[in-house]
Structures are given as structure tokens and as C-alpha cells.
Amino acid sequence: MIKILPRRFYNRHTLNVAKDLLGCFLLREYGGKKIRALITEVEAYHGEDDLACHASRGRTPRTEVMYGQPGHAYVYMIYGMYHCLNIVTEKKDFPAAVLIRAVHPQSSSVARSDRFIRGRTAGQHRERTDLAYGPGKLCKFLKIDRKLNQWDLTKGDKLWLEARNPKIKLPKIVKSRRIGIDYAQHCREYLWRFSLKE
DNA sequence: TATACGATCACCT
DNA sequence: GGTGATCGTATAC
């Protein structure tokens, strides 16, 4: 039974949403293709007091989406060449989001995309999790860019999320410090990066 | 208007 | 371990 994550899933504390997103599926549909990917690594960015959060300097045109309704996408360009996908959390007017750092594409998705990206022939398919390991790489793999900024993720179209299979036991969740935010003073010590062990 | 820099990645030593 | 690519955003002037 496949279930699209509803708005109320995102309208909770960001740390809980982040942990609960592990093992869920990120779905991307474009050009007649549908890719399903297991979420394996996330980071939480929570409120204006979090110095690592883009909203730490308040409302700006860029951060406005994080102040909006939960369950929308916050996609921004980083270093002039990559995009990062975030899931907006918490109630309206509280700025917070979960950065999707890594996903594990389903085999059929990898096969399709490998053929599309690298022109591989049938029989050469194999797991290529490296294609989606890292926030920049997964956006490239899933063709996610700023056109999907503010996209409603509860509609089940173009980009959405589905619940994990409750019958499958989840690997242990590993907590660690967030990546690339050394400027965030004491906030860089927070263990707000969550990943599935393995 | 000008400038500094970043929630990254690939490639180098 | 280090560096360059490349441009939107925030901030300073």
C-alpha cells in the first residue's frame, strides 16, 4: 500500500520529521519517467536561532518559502553549479526545513537513469548509489532545480514523498554533525544530521 | 553598483 | 590534505 506523506507529517518538530523521513521514498516524475529513491541521509535546519539555517538572518525573498506552509520544497542553488533539495517543516511562519543529503535509487530507477544519462545498454545495469550520494548529486540525478522551488509535495505530481514500508525493519539511525557549516558557531555542534547505518 | 561567499563536487598532490 | 568552478544572494557602499 503506497501512501503519499500528508501535510500533517511535515507539520511537526523538524528533528522528528528529519528522522522519520529516513526510509521514506522520494518520487520524481518527468519526461514520462518515474524514479523512486529511498531517503538515507538528511539534515535538520530549524528556526532563526539556528545559525546554520538560511533563515537565521530573517525573512528574505529566498527564505520566504521556509516560512510558508509545511510540505513544500525549498530548492536553492549552491556554489553556482549545484542545487539542494529541502523539505519545509513546521507550522506557517516558523522557518525550518530538512535537507535531503542522500538517496538510494531503486534498481529499476537506476537502470532507467543510467541508460538515460550514460547511454548504457541492457545487461550493464548495477546499483549506482554514488549517483545520488550528496545533496548536489541527487538533485542532478533527479533533475531537480529551482523550477521546483515552493512545489507542493503532497500532490503526488512531479515531485513527492511516500511513506516507508512499516513491515521492513529500519536500520539504526546514526546522528552526527552537519556538513559544511563551520561558520555557525555553537550550532555546528548540534547532532542534526541523521543517516541510516550501513 | 560592487563585493564576498556559500547546507558542493571532482580532481589534484 | 587542498583548490577551482561558477552565480545567486545578502550586505556594504
Side-chain angles (χ1 to χ4, degrees), chain A residues 10 13-22 24 26 28 35 37-68 70-90 94-105 110 113-114 116-120 127-151 153 159 161 173-196:
Chain A
Y10 307 101
H13 196 284
T14 310
L15 294 179
N16 291 328
V17 176
K19 282 179 277 194
D20 290 345
L21 279 172
L22 293 173
C24 291
L26 181 64
R28 173 72 171 121
I35 297 177
L38 185 78
I39 297 172
T40 57
E41 183 178 334
V42 298
E43 283 177 0
Y45 290 88
H46 181 258
E48 295 178 347
D49 294 336
D50 176 7
L51 297 177
C53 182
H54 288 166
S56 63
R57 279 173 285 194
R59 280 183 192 256
T60 67
R62 181 172 70 153
T63 61
E64 186 62 33
V65 60
M66 277 203 283
Y67 288 81
H72 290 250
Y74 166 39
V75 182
Y76 65 95
M77 173 167 271
I78 185 69
Y79 299 111
M81 59 186 77
Y82 297 105
H83 297 273
C84 289
L85 170 65
N86 296 256
I87 314 298
V88 174
T89 62
E90 311 247 0
F94 187 93
V98 175
L99 170 68
I100 308 298
R101 285 198 63 89
V103 298
H104 186 115
V110 175
S113 295
D114 248 345
F116 180 75
I117 292 170
R118 298 175 173 255
R120 292 189 172 205
E127 292 289 335
R128 285 296 304 273
T129 56
D130 58 310
L131 288 171
Y133 184 74
K137 285 198 289 187
L138 78 85
C139 283
K140 186 179 176 187
F141 179 79
L142 295 173
K143 300 282 188 292
I144 294 168
D145 60 27
R146 281 176 306 168
K147 290 195 290 290
L148 286 167
N149 192 33
Q150 306 188 57
W151 187 256
L153 299 167
L159 184 68
L161 294 96
I173 294 176
V174 179
K175 299 180 192 178
S176 54
R177 303 205 303 209
R178 293 173 291 177
I179 301 295
I181 52 134
D182 284 352
Y183 57 85
Q185 302 175 40
H186 64 282
C187 296
R188 72 186 187 181
E189 307 296 334
Y190 297 169
L191 300 179
W192 286 2
R193 178 188 181 204
F194 306 100
S195 49
L196 293 180

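In what follows, chains carry the letters A, B, and so on, assigned in the order in which the sequence lines appear, proteins first and then strands, with residues in each chain numbered from 1.
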Between A:T63 (side chain only) and A:M66 (backbone N and O only), is there a donor and an acceptor less than 3.5 Å apart? no
List in chain and number order the residues that pass side chain to side chain donor-acceptor pair (under 3.5 Å) with A:E48, two or more places apart in sequence or in another chain; answer none if no residue qualifies. A:Y67
Not counting sequence neighbours, which residues clear salt bridge (Lys or Arg N to Asp or Glu O under 4.0 Å) with A:R57? List them please. none
The criterion is side-chain contact (heavy atoms from CB on, under 4.5 Å); which residues satisfy it with A:S176, sequence neighbours excluded? A:R193
Dot-bracket for DNA chain B, 5' to 3', Watson-Crick and G-U pairs with both distances under 3.5 Å, [ ] for crossing pairs, | for partner on another strand, reads ||||||.|||||.
Return the minimal non-hydrogen interatomic distance between A:Q150 and A:H72, and the atom names on each side. O-ND1, 3.1 Å
Once you round it to whole Å, what is the distance between C1' of C:dT9 and CZ of A:R146? 10 Å
Identify, with sequence neighbours excluded, every residue that meets salt bridge (Lys or Arg N to Asp or Glu O under 4.0 Å) alongside A:K175. none
If I take atom CD1 from residue A:I144 and atom CG from residue A:L85, how far apart are they, to the nearest 0.5 angstrom? 4.5 Å
Please name all residues satisfying side-chain contact (heavy atoms from CB on, under 4.5 Å) with A:K19, sequence neighbours left out, ordered by chain then number. A:N16, A:I173, A:F194
What residues form a salt bridge (Lys or Arg N to Asp or Glu O under 4.0 Å) with A:R101, not counting sequence neighbours? A:E41, A:E43
Looking at A:L26, A:L196, A:T40, which hits side-chain contact (heavy atoms from CB on, under 4.5 Å) with A:H104? A:T40
Pairwise N/O distances under 3.5 Å, protein to nucleotides 2-7 of chain C:
residue: C:dT6; atom: O2; partner: A:Y79; partner atom: O; Å: 2.4

Any residue in residues 175-185 of chain A with a heavy atom nearer than 4.0 angstrom to DNA chain B? Just list them by number, or reply none. A:I179, A:G180, A:I181, A:Y183
Enumerate the side chain to side chain donor-acceptor pair (under 3.5 Å) contacts for residues 73-86 of chain A, please, sequence neighbours excluded, ordered by first and then second residue. A:H54-A:Y74
Between C:dG2 and B:dG6, how far is it from one P atom to the other, in whole Å? 16 Å
Roughly how far, to the nearest 0.5 Å, is OG1 of A:T89 from CG of A:D20? 12.0 Å
Bounds of contact between DNA chain B and chain A, in 5' to 3' order, using a heavy-atom cut-off under 4.0 Å: B:dG6 to B:dA10
Value in whole Å for how far the C1' atom of C:dA10 lies from CZ of A:R57: 6 Å
What class does the angle between the rings of A:Y190 and A:H186 fall in, given that below 30° is parallel, 30 to 60° is tilted and above 60° is perpendicular? perpendicular
Using atom P of each nucleotide, how far apart are C:dT6 and B:dA2 to the nearest Å? 22 Å
Does A:R178 count as lying over the ring of A:Y45, i.e. NZ or CZ under 6.0 Å from the six-ring centre, within 45 degrees of the axis? yes
In whole Å, measure the gap between the P atoms of B:dA4 and C:dG4 for me. 16 Å
Contacting residues from residues 40-52 of chain A, given that a heavy atom lies under 4.0 angstrom of DNA chain C: none
Distance check, C1' atoms only: C:dT3 and B:dC5, in whole angstrom units. 15 Å
Quick check: do A:L161 and A:I87 have side-chain heavy atoms less than 4.5 Å from each other? yes
For the backbone of A:I181 and the side chain of A:R188, can you confirm whether one donor and one acceptor N or O come within less than 3.5 Å of each other? no
